[in-house]
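Numbers restart at 1 for each chain; the letters A, B, ... are given by sequence-line order, proteins then strands. Only a predicted model underlies this, so the values are computations on that prediction, with no experimental measurement involved.
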There are 2 protein chains.
Amino acid sequence: MVHIYDYPRPAVTVDCVVFGLDQTHYLQVLLIQRRLPPFKGQWALPGGFVRPNEALEEAARRELQEETDVTGLCLEQLQTYGQPDRDPRGHTVTVAFYALGNLWDYHIKAATDAKEARWWPMKHLPELAFDHGLIVQDAISTLRITIRHKPIGFELLPTKFTLTQLQRLYEIVLARPFDKRNFRKKLLKLDILISLDEKETNVPHRAAQLYQFDRTKYMERQKTGFNFDL
Amino acid sequence: MVHIYDYPRPAVTVDCVVFGLDQTHYLQVLLIQRRLPPFKGQWALPGGFVRPNEALEEAARRELQEETDVTGLCLEQLQTYGQPDRDPRGHTVTVAFYALGNLWDYHIKAATDAKEARWWPMKHLPELAFDHGLIVQDAISTLRITIRHKPIGFELLPTKFTLTQLQRLYEIVLARPFDKRNFRKKLLKLDILISLDEKETNVPHRAAQLYQFDRTKYMERQKTGFNFDL
DNA sequence: TAACCTTAGTGTAAAAAATACACAATAGGC
DNA sequence: GCCTATTGTGTATTTTTTACACTAAGGTTA
């Protein structure tokens, strides 16, 4: 079946930059290996063509599931890339999204266009197809800015986490150390964490208190001109 | 001439939200009145279809010039809108940009698809075509956030300005008052303003010192981990 | 079972930044 | 020369940020 238009149109795609934290606490990105040309066999961001009458985020969510079997993430729009030479098949505009997930929740499973799908550490990414290397760089920049102003970091952790885990998360993403006491003081003063009646288990040292992010409380606070600003 | 593709493609457009400050110091938006359907006669953002092998920002710049005769602005990507029902002609994805200009520099001149083009005060916008009302709202939100972290406010003022003008600008955009002495202290301490050997003229009161934004100095500072953060 | 290793958990003092606030100086108009 | 309007300036108070070190408690091991 062919499709005919009066004027030429660029193709429209979506791509997803999904970040995660691994057991060793390094920042990871979810990539797929391309099954088809162009860039066959090379690693790339999960993504693909937007279908007729499909919303952008919907397309991103669908492609992510199709190619990696990951679902349920909160996708945020990053930027749109439209350099005419960014795809050898011709003028293609891609809308990039980013999302945060915690690695333990997902069993990655390659499918459709993807030969393989897996997490890669940010520090040692392979060479990426198209301009995906640039997109990942932009995503990490945006993440660094956003994580300081919105409580999105929690999405990288299990539901129940310790303050040390949270601190390490911020240290990894922002690539700078925080003082333990000051960090805890600040976070607790925000009053958006629920202190659970539960502790770590099976650790060869004093067990840490577990906390949970209180989204409801955060939402309420939002309205009263309160700033997260870490 | 017709264009044939194997798969259907959404149309791709760009739209520009250009902000300006008028003589009475209210925030204004540059709009055009549509000459053609859909939404014929209604006010809309300047913008239009991306041409083959045209970069997105290039397209935005071209459409802005064609429809309003405004050139030379620094365009920043805002967001991309792709709800399938946002354009009655069919699935259309639009990449929105925003920019700041000072009204005195430009002679607005309607052209091509635009029947008329002029500044409208933010407070009293007409009903806009497509989802342009939403786009303008998103643009002002983004502007409010960005202006606090990057020295983009200066683009709304003439090259030479007084500290009072600058303060009023921030008060208008952020919709909150600043203390005169504290504002001046803070701005001057940033050390990114050049104090000119020149004063206001023809004012019926003590003439104010004129200043100029020192972009070079700001760029240098940037590298040394310096934050604008107003 | 006691010593050991490792990480959790906690408070205070000093420095820096943000805020609140009022009056003399000066340009042009009358 | 006096009036009006706006500029330009300093200090004291409060709040926020920073720097910093030791005891508590789980699990491991000798």
Side-chain angles (χ1 to χ4, degrees), chain A residues 21 23-25 147-149 157-158 160-172 174-213 221 224-230, chain B residues 21 23-25 147-149 151 157-158 160-172 174-212 221 224-230:
Chain A
L21 280 189
Q23 300 80 347
T24 58
H25 296 291
I147 208 171
R148 293 186 46 209
H149 303 297
L157 295 176
K160 301 169 178 184
F161 52 83
T162 69
L163 290 181
T164 303
Q165 282 180 294
L166 190 61
Q167 180 178 342
R168 196 156 302 155
L169 182 165
Y170 276 94
E171 291 178 333
I172 290 165
L174 299 178
R176 75 180 184 85
F178 284 86
D179 176 84
K180 186 163 139 187
R181 281 185 281 198
N182 295 336
F183 182 85
R184 295 160 101 89
K185 217 183 303 172
K186 194 156 185 178
L187 260 291
L188 293 174
K189 201 163 73 177
L190 291 174
D191 194 29
I192 52 171
L193 294 184
I194 300 170
S195 164
L196 300 170
D197 269 345
E198 225 175 317
K199 300 203 164 185
E200 270 183 318
T201 50
N202 285 329
V203 283
H205 54 76
R206 180 171 173 182
Q209 177 69 238
L210 288 171
Y211 291 86
Q212 200 177 316
F213 172 51
R221 287 300 187 77
T224 67
F226 143 96
N227 270 346
F228 182 74
D229 282 349
L230 205 87
Chain B
L21 280 189
Q23 302 78 349
T24 57
H25 296 291
I147 208 172
R148 293 187 46 210
H149 303 296
L157 294 176
K160 300 170 181 183
F161 51 84
T162 70
L163 291 180
T164 303
Q165 282 179 295
L166 190 61
Q167 179 177 344
R168 197 156 300 155
L169 182 164
Y170 276 94
E171 291 178 333
I172 291 164
L174 299 178
R176 74 181 183 84
F178 284 85
D179 176 83
K180 184 164 141 186
R181 280 185 283 195
N182 296 336
F183 182 86
R184 295 160 101 89
K185 218 183 302 173
K186 192 157 185 177
L187 260 292
L188 293 174
K189 201 163 72 176
L190 291 174
D191 194 29
I192 52 171
L193 295 184
I194 300 169
S195 165
L196 299 170
D197 270 345
E198 225 174 316
K199 302 205 164 187
E200 272 183 316
T201 49
N202 285 329
V203 283
H205 54 76
R206 181 170 172 182
Q209 178 69 237
L210 288 171
Y211 290 85
Q212 200 176 315
R221 285 301 188 77
T224 67
F226 144 96
N227 270 345
F228 181 73
D229 283 348
L230 205 88

How far apart are the closest heavy atoms of B:H205 and B:E200, and which atoms are they? CE1-OE1, 4.0 Å
Just how far, in rounded Å, is P of D:dG26 from CG of A:N202? 13 Å
Atom-pair distance (CG on B:D179; P on D:dG10), nearest Å: 15 Å
Can you tell me how far CZ of A:F213 sits from CG of A:L166, rounded to the nearest 0.5 angstrom? 10.5 Å
Flag if over 12 foreign heavy atoms under 6.0 Å of CG, B:N202: no
Would you mind writing out the side-chain donor-acceptor pairs for residues 184-194 of chain A within the sub-3.5 Å range, not counting sequence neighbours?
unit_1: A:K185; atom_1: NZ; unit_2: A:N182; atom_2: OD1; d: 3.2
unit_1: A:D191; atom_1: OD2; unit_2: A:R221; atom_2: NH2; d: 3.1

Return the value, rounded to whole Å, for the distance between atom CG of A:L230 and atom C1' of D:dT17. 13 Å
Sub-3.5 Å donor-acceptor pair from the side chain of A:Q167 to the main-chain atoms of A:F178, do we have one? yes
Toward the 5' end of DNA chain D, by each residue's nearest nucleotide, B:P204 or A:A207: B:P204
Spacing of B:T164 atom OG1 and B:K180 atom NZ [to the nearest 0.5 Å]: 6.0 Å
To the nearest 0.5 Å, what is the distance between CZ on A:R206 and NZ on A:K199? 6.0 Å
Nearest-Å distance, CD (B:Q165) to C1' (D:dT6)? 13 Å
Between CG of A:N182 and P of D:dA21 the distance, given in whole Å, is 13 Å
Can you tell me the distance, in whole Å, between the CZ atom of B:F226 and the P atom of C:dA17? 13 Å
Here the gap from A:L169 atom CG to A:L174 atom CG, rounded to the nearest 0.5 Å, amounts to 8.5 Å
To the nearest 0.5 angstrom, please state how far the CG atom of A:L163 sits from the OH atom of A:Y211. 4.5 Å
Nucleic acid contacts - residues 183-191 of chain A versus DNA chain C, non-hydrogen atoms under 4.0 Å: A:R184, A:K185
In whole angstroms, the gap separating P of D:dA5 from NZ of B:K199 amounts to 21 Å
Give B:Q209 one of three labels, base, sugar-phosphate or nothing, depending on what nucleic acid heavy atoms sit under 4.0 Å from its own. sugar-phosphate
At a cut-off of 3.5 Å, list every protein nitrogen or oxygen paired with a nitrogen or oxygen from nucleotides 22-24 of chain C, distance to 0.1 Å.
unit_1: C:dA22; atom_1: N1; unit_2: B:R181; atom_2: NH1; d: 3.3

Distance check needed: C:dA18 P versus A:N227 CG, whole Å only. 14 Å
Under 4.0 Å, counting only non-hydrogen atoms across every strand here, what does B:T162 touch: a base, just sugar-phosphate, or nothing? nothing
